[in-house]
Amino acid sequence: MLRGLIKKIPQSKTTLLRKARESANPLALEALEKLREHGSITDGSLRGVDWQKAMLQNARLAKAAMEGIILREANLTGAYLGATHLQEADLQAVNLQRANLCDAQLAQAKLAGADLREAHLAAANLQGADLAGTDLTGANLWGADLRGADLTGANLLGANLYGARFDHQTRLPDGVPWAPDADLARFTDAAHPALWQH
């Protein structure tokens, strides 16, 4: 009896992981809730999982252990990913409009071409992240760690960069390395006389 139960648990988890990736949004969210009930959101079960093109709008994935996950071209509009571990995740061309990524760990994440319009990235760790061509229009990057991040071609119009941390390895949207005297307002302020446009 016990042997049968042990076999069913991993299979059930595998099925739920597949449903979260392949199902339409309501069913995908239902699968996520069941994974949460099993403790699979925070126990490392999502590390390196391939959820490419998953329909996870409004998903609740706070504090999830998702290092190295593949979410390329996935839809995570309005998702809650506060304090989520997404180090080295593949988030290229992902839709994260209005998503909450406050305190998220995104070091070395691949976010090239992602849609982060009006996303909340306050205090997020984006060290060494690839943000090339990312749309960060109206995003809140208050206190975010952007040291070593590549923002080449990124749209920062209306973004809040107050308290954000940069270093000489950070690439600004115009491809130039950050310097202490960098005028960041020319990337964020539409009324700036020297506004940079990609």
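It should be emphasised that the depicted structure is a prediction, and the values quoted were computed from it without experimental measurement. We number each residue from 1, following the sequence as shown.
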So that I can tick it off, tell me whether [Y] and [X] are bridged by a salt bridge, with the cut-off set at under 4.0 angstrom between side-chain N and carboxylate O.
X      : Y      : value
Arg72  : Asp90  : yes
Arg47  : Glu67  : yes
Arg60  : Glu33  : yes
Asp145 : Arg165 : yes
Lys13  : Asp43  : yes

Share the residues that join Tyr162 in a hydrophobic cluster, the rule being Ile, Leu, Val, Met, Phe, Trp or Tyr side chains under 4.5 Å apart at the heavy-atom level.
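Same cluster as Tyr162: Trp142.
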Restricting to non-hydrogen atoms, name the atom on Ser23 and the atom on Met55 that form the minimum distance, rounded to 0.1 Å.
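Residues Ser23 and Met55, closest heavy atoms: O-CB, 4.0 Å.
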Distance from Leu106 atom CG to Asn125 atom CG, nearest 0.5 Å?
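So the CG of Leu106 and the CG of Asn125 are separated by 7.5 Å.
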If you measure from CG on Leu131 to CG on Leu121, what distance do you get to the nearest 0.5 Å?
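The CG atom of Leu131 sits 8.5 Å away from the CG atom of Leu121.
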Do [X] and [Y] share a hydrophobic cluster (ILVMFWY, side-chain heavy atoms under 4.5 Å, transitive)?
X      : Y      : answer
Leu141 : Tyr80  : no
Ile70  : Leu91  : no
Leu157 : Leu161 : no

Would a distance-only check, ignoring hydrogens and angles, find a side-chain to backbone donor-acceptor pair under 3.5 Å from [X] to [Y]?
X      : Y      : answer
Asp150 : Asp130 : no
Asn155 : Thr137 : no
Thr170 : Trp178 : no

Go through the steps to decide whether Leu35 and Glu37 satisfy the test side chain to side chain contact (heavy atoms under 4.5 Å, CB included), and finish with yes or no.
CA-CA 5 Å; Leu35 285 166; Glu37 289 168 14; over 6 Å; no
Flag the pair Thr84 / Asp103 as yes when at least one side-chain heavy-atom distance between them is below 4.5 Å, and no otherwise.
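No, their side chains stay 4.5 Å or more apart.
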Report yes if some heavy atom in the side chain of Arg186 is under 4.5 Å from a heavy atom in the side chain of Asp174; otherwise report no.
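Answer yes - side chains close enough.
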